[in-house]
Amino acid sequence: QAEPQTDAAGRPDRYDPQAIEQKWFDRWAQNPDLYKSDPSSSTRKKYYVLEMLPYPSGALHMGHVRNYAIGDALARYMWMQGYNVLHPMGWDSFGLPAENAAIANQTPPRDWTLGNIAKMKRQMNRLGFAYDWSKEVTTCLPEYYRWNQWFFLKFYERGLAYRKKSKVNWCPKCATVLANEQVLSSGCCWRHEDTLVEQRELEQWFLRITDYADELVTDLDKLQGWPEKVRTMQRNWIGRSEGALVDFKLDGAAGAAGDKITVFTTRIDTIYGATSLQLAPEHPIVTDLIANNPGLLAKVEDLMTQQRAAKESGDIGAIEKNGFFTECYAVNPFTNEQMPIWVANYILMDYGTGAIMSVPAHDERDYEFAKKYGLDIKVVIYPRREGDAADGDPNEPILPFVEDNSLLMNSGDYSGLPSGEAMTKMAKFAEEQGFGKATVTFRLKDWGISRQRYWGTPIPMIYCPECGIVPVPEKDLPVLLPENVQITLAGGSPLGNVPEFVNVECPKCGGEARRETDTMDTFVDSSWYFYRYTDPTLSDKALDSDTVGYWFPIDQYIGGVEHAILHLIYSRFWTKFMRDIGLVRNDEPVERLFTQGMVIKNGAKMSKSLGNVVSPDDMVARYGADSTRMYTLFGGPPDQDLDWQDAGVEGISRFLSRVYRFVTRNAKPDDPAWKAASNAPLSPAARKMQRKLHQTIKRITEDFSGRWHFNTSIAALMELVNEMYAYEDSQKAHPGKPGLAGAPLESVPLSLVAGAQRRLVLMLAPFAPYLSAELWEMLGETSDLLREGWPQYDPALTKEDEIEYAIQVNGKVRSRIVVAAEAGEEQVRIVALADEKVKAAIEGKEIVKVMVVKGRLVNIVVK
RNA sequence: GCGAAAGUGGCGGAAUUGGCAGACGCACCAGACUUAGGAUCUGGCGGGUAAAACCGUGGGGGUUCGAGUCCCCCCUUUCGCACCA
């Protein structure tokens with residue numbers, strides 16, 4: 001490549017992103033407060049824009065770049081709109097990869113993690129993201145995680161943290177607990193591919209998120225700024241289901257085994273149609289029921305295995321229904337009929353009560369099961385035809401008939417009632433008689449937060465042989481994570497092997513006690529980090545309520561849809577808890593949520609194994625940060641997946657070159673005409689450019705106001721620049737026959753060009769911060785670009801000269817014509833007419849009325 | 001199986017409300033400037049035709065003067081959920 005030439009003013013005539021970006025990178029590095037938000041005492045309107053914080057794996061990937069490019073563009077735009085913007089960044093820095101790296105490289109997790117953070121922070125700065133680094137939060141540091149511990153104590157105080165036995169994945173060869181992602185799809189250990197992972201029961205800590213299940217569902221309706229998709233996913237996940245609990249007394253010999261089986265049903269109205277009970281294989285009463293029948297034990301085991309296999313393959317919906325009769329009976333409290341008790345593989349222990357009443361006539365699954373095993377089928381609901389009398393002859397239903405709001409038959413006193421009414425009355429009756437009640441069940445389970453890991457927040461609890469479970473007193477926080485811990489695969493939690501950590505004085509009695517050696521799930525860290533951003537330096541409290549009150553709720557949260565369920569439900573739960581202990585005043589943390597699409601290549605997710613990873617560093621080195629981040633916005637709408645194409649980045653780079661060249665050539669801030677107002681009449685080309693300018697401002701402003709289709713924003717900028725080139729070309733002696741680099745503008749009002757360039761650079765600022773800073777300076781501006789106001793447009797100048805009209809003949813719109821008219825002009829001239837028949841119909845006729853429709857269309861009425 | 005979103009040139013994608021389909025970019029072609037071009041500028045670029053006509057937004061119907069857009073049926077893809085009682 002030839003050396004860049006310089007123009008008359010000594011400026012390089014070629015866009016050199018590396019030189020420009022280095023210059024501004026160095027300059028910005030001088031000022032750490034560049035993007036600092038004003039304090040919460042500010043009288044300006046606040047805007048809190050947040051991107052999901054990364055796990056410091058060691059390097060940013062393109063998905064990060066896209067996520068942060070979206071947030072950064074928005075933050076910069078809101079700055080220019082005059083808002084007091086909070087735009088922070090931090091590190092979700094506890095977690096398993098640090099331990100794996102520690103084992104692989106013999107580096108302590110802390111060193112590895114902090115080293116990665118330094119690397120990634122450098123990358124972010126190189127990409128020019130405008131973060132307020134004075135608000136940085138690093139979750140693996142005691143200044144942060146001590147508040148995780150403090151929150152845990154608050155949960156414990158209120159009975160919302162409790163211990164119970166729960167299953168974990170256990171590899172017998174590693175002799176340790178495995179995370180779900182360490183279990184292969186074959187059900188084997190990731191390190192020992194021949195070793196089946198076992199399920200072991202361990203005592204674990206849980207947070208009672210189910211106490212908030214109802215509110216978490218109801219408040220979804222408030223989240224109008226969230227994608228409907230995410231709200232639906234959360235609704236499904238929480239799985240609220242209204243129904244009733246009904247006790248069935250055990251009958252005869254089985255009565256000795258216990259006294260009743262409680263079932264959960266959403267269709268208590270069908271209880272007269274129940275013909276058997278079905279139990280989950282894991283239901284505790286099963287062993288009692290078959291105590292006299294040891295041969296059945298193997299069958300139970302069998303059903304359990306089938307169910308587990310189906311669950312693991314993720315295909316439980318397709319499991320072949322199997323079961324067996326326990327030879328015991330229970331009594332239907334409504335009919336007093338004897339009901340055989342079965343065990344079936346399609347009944348789940350962890351939903352409802354693990355027992356159901358089987359109503360084959362009115363449930364597809366029960367129907368299928370009953371058909372297979374020849375169980376009784378009793379119809380109690382008949383569809384009512386349109387026009388049937390309430391007590392008229394109902395129709396024989398096609399089974400299974402699962403609809404409600406139908407006529408209830410063969411149901412004792414309830415016969416003739418519609419389902420809804422029967423449900424209420426039956427539940428009420430059951431409650432009066434003491435064998436049942438209306439209830440609400442959730443699919444959501446309590447949040448198990450214990451992890452048998454080293455690199456996490458120590459759970460601040462102590463086990464004393466005398467006093468039992470004793471919380472660490474608040475004054476003793478933080479419980480520091482010990483350093484120099486040998487991380488191996490053997491044994492349970494690594495902290496258990498650190499005597500200085502484990503052995504502790506009981507805070508109550510002073511006797512010898514043991515610390516909890518489990519650490520917290522990292523979802524705890526990410527459930528409230530965005531509150532800490534408002535003031536991460538506080539050392540005596542987790543957060544300041546007034547500061548939080550100013551900034552919250554988060555105006556815009558941006559991240560991957562993969563966090564739509566867990567992270568966002570935990571965060572909402574945490575917020576509600578914080579509200580209940582008087583820490584914050586908002587019910588929900590996030591006002592608006594945006595889920596961006598993935599960055600893929602050749603139709604597949606970027607991954608090392610596929611070898612289709614595009615490294616942001618490479619792209620920055622080749623094209624510069626501006627082009628790299630701008631392409632992530634230009635390649636497609638941000639909410640859809642982006643198919644990465646290197647040539648696309650090149651296109652953006654070319655566009656920025658065009659901008660650079662135009663501004664370089666035509667910036668003459670020292671020329672008196674530069675800032676002089678001009679009333680010279682505009683040439684058609686100048687008019688066109690001016691119109692395009694105002695249209696572009698309008699379009700981008702509208703894109704920023706919620707649609708966020710930055711791909712079209714950037715396309716609009718390109719159109720504007722193309723128009724500026726066309727304008728420049730029109731000024732030449734021989735238009736269309738340019739020289740090498742186009743001639744500078746001579747014979748036009750310079751101020752028009754100056755204004756257009758100025759606004760172009762302002763609009764470029766959210767997308768390409770480096771280049772816009774460089775050009776801003778070139779235009780002779782000394783102000784801070786971010787504090788400049790966003791450009792305004794003149795609506796009158798956004799209208800096209802060509803306006804479409806439609807023709808109305810005899811009161812009916814018949815066709816569309818295009819007429820040329822200046823905006824506001826009263827006379828119209830027909831330019832083109834699509835339909836020859838219509839043309840003939842109106843030709844020569846007098847136009848009676850011209851009518852504007854939808855601002856664009858005009859109906860013309862002829863005589 | 002249920003639910004949601006989507007299907008437009010060689011490619012990524014425009015068309016916010018029913019109104020010129022294919023903006024913008026990539027790739028490609030031609031020209032200009034060039035010692036040179038992987039730089040730059042100008043023009044072309046859905047199919048079809050000499051040029052028109054004509055045909056074109058997954059397929060089939062419909063509403064409308066007019067449909068990528070609205071309605072009905074079907075196909076395909078992606079995502080989410082799933083014997084949830």
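Chain naming here is simple, since letters A, B, ... match the order of the sequence lines and numbering starts at 1 in each.
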Problem set entry | Donor + acceptor pair across side chains of Asp703(A), Thr712(A) (<3.5 Å) | yes
Exercise. Rounded to the nearest Å, what distance is computed from the OH atom of residue Tyr367(A) to the P atom of nucleotide rA85(B)?
Worked result: 21 Å
Problem set entry | Counter-base of rG7(B), judged by Watson-Crick or G-U geometry with both distances under 3.5 Å | rC75(B)
Problem set entry | Lys378(A) NZ: over 12 foreign heavy atoms closer than 6.0 Å | yes
For this session: Please state the C1' separation for the pair rG48(B) and rC54(B) - nearest whole angstrom.
Result: 8 Å
For this session: Describe the nucleic acid contact of Gly239(A) in one word from base, sugar-phosphate, nothing, applying a heavy-atom distance below 4.0 Å.
Result: nothing
For this session: With heavy atoms under 4.0 Å as the rule, sort Thr265(A) into base, sugar-phosphate or nothing.
Result: sugar-phosphate
Exercise. If anything within 90° of 0 is syn and all else is anti, what is rG47(B)?
Worked result: anti
Exercise. Looking only at side-chain N and O atoms, does Arg235(A) come under 4.0 Å of OP1 or OP2 in rC81(B)?
Worked result: no
Exercise. Under the ring pair (Phe, Tyr, Trp, His ring centres under 6.0 Å) criterion, do Phe704(A) and Phe710(A) qualify, and how do the steps go?
Worked result: CA-CA 8 Å; Phe704(A) 265 113; Phe710(A) 298 131; 4.9 Å; yes
Exercise. How many Å lie between NZ on Lys229(A) and P on rC2(B), as a whole number?
Worked result: 20 Å
Exercise. Tyr660(A) has an atom OH; how far is it from atom C1' of rU40(B), in whole Å?
Worked result: 15 Å
Problem set entry | Counterpart base for rA30(B), defined by Watson-Crick or G-U wobble contacts under 3.5 Å | rU42(B)
Problem set entry | Stacked cation flag Arg658(A) on Tyr725(A), 6.0 angstrom / 45 deg | yes
Exercise. Can you check whether Ser653(A)'s main-chain N or O pairs, donor with acceptor, with Tyr631(A)'s side chain at less than 3.5 Å?
Worked result: no
For this session: From the options rC24(B), rU42(B), rC11(B), select the nucleotide whose nearest atom is closest to the side chain of Gln645(A).
Result: rC11(B)
Problem set entry | Base-pairing assignment for rG66(B) (Watson-Crick or G-U wobble, both under 3.5 Å) | none
Problem set entry | Nearest-angstrom distance from the residue atom CZ of Arg443(A) to C1' of rA82(B) | 9 Å
For this session: Searching all strands shown, indicate the nucleotide that pairs with rU17(B) (Watson-Crick or G-U wobble; both distances under 3.5 Å).
Result: none
Exercise. Out of rC81(B), rA27(B), rA23(B), which has the shortest distance to the side chain of Ala715(A)?
Worked result: rA23(B)
Problem set entry | Thr712(A) side-chain proximity, nearest of rA85(B), rC41(B), rA15(B) | rA15(B)
For this session: Starting from the 5' end of RNA chain B, give me the residue, Asn236(A) or Asp366(A), whose nearest nucleotide shows up first.
Result: Asn236(A)
Exercise. Nearest of rU16(B), rU42(B), rG12(B) to any side-chain atom of Glu702(A)?
Worked result: rU16(B)
For this session: Figure out the CG/P separation between Asn722(A) and rA23(B), and round it to whole Å.
Result: 12 Å
Seminar exercise, completed: Closest to the side chain of Leu348(A), out of rU42(B), rA14(B), rA85(B), is rA85(B)
Problem set entry | Which atom of Ala280(A) lies closest to which atom of Val286(A), heavy atoms considered | O-CG2, 3.7 Å
For this session: Counting heavy atoms from C-beta on, name the nucleotide in rU16(B), rA85(B), rG25(B) closest to the side chain of Met718(A).
Result: rG25(B)
Exercise. The side chain of Tyr725(A) lies closest to which of these nucleotides: rC41(B), rC81(B), rA27(B)?
Worked result: rC41(B)
Exercise. When the distance from NZ of Lys601(A) to P of rG12(B) is rounded to whole Å, what number comes out?
Worked result: 15 Å
Exercise. Taking the side chain of Ile356(A) as heavy atoms from C-beta outward, which of rA85(B), rU40(B), rU16(B) is closest to it?
Worked result: rA85(B)
For this session: Determine: side-chain N/O of Arg661(A) to OP1/OP2 of rC41(B), distance under 4.0 Å, yes or no.
Result: yes
Exercise. On a whole-Å scale, what distance lies between the C1' atoms belonging to rC75(B) and rA14(B)?
Worked result: 26 Å
Exercise. Between CG of Leu566(A) and CH2 of Trp237(A), what distance do you get to the nearest 0.5 Å?
Worked result: 5.5 Å
Problem set entry | rG7(B) versus rG58(B) - spacing of their C1' atoms, nearest Å | 6 Å
For this session: Specify the separation, in whole Å, of atom CD1 of Ile652(A) and atom C1' of rG25(B).
Result: 7 Å
Exercise. Roughly, in whole Å, what's the span from CZ in Phe655(A) to P in rC26(B)?
Worked result: 11 Å
Exercise. Is there a Watson-Crick or G-U wobble partner for rA51(B) with both distances under 3.5 Å, and if so, which one is it?
Worked result: none
For this session: Measure from the side-chain heavy atoms of Asn711(A) and tell me the nearest of rA14(B), rC26(B), rC84(B).
Result: rA14(B)
For this session: Please tell me which of Arg654(A) and Gly636(A) maps to the more 5' nucleotide of RNA chain B, matching each residue to the nucleotide holding its nearest heavy atom.
Result: Gly636(A)
For this session: Take atom P in rU17(B) and the same atom in rG68(B), then report the distance between them in whole Å.
Result: 15 Å
Exercise. If you check every side-chain atom of Arg14(A), which of rA85(B), rA39(B), rG25(B) has the closest atom?
Worked result: rA39(B)
For this session: Give a yes/no answer on whether the side chain of Ser657(A) brings an N or O atom under 4.0 Å of OP1 or OP2 in rA39(B).
Result: no
Problem set entry | Opposite nucleotide pairing with rC24(B), Watson-Crick or G-U, both atom distances under 3.5 Å | rG12(B)
For this session: Kindly say if Arg658(A) contacts the phosphate of rC41(B), meaning a side-chain N or O under 4.0 Å from OP1 or OP2.
Result: yes
Problem set entry | Exercise: do Ser276(A) and Gln278(A) side chains pair donor with acceptor under 3.5 Å | yes
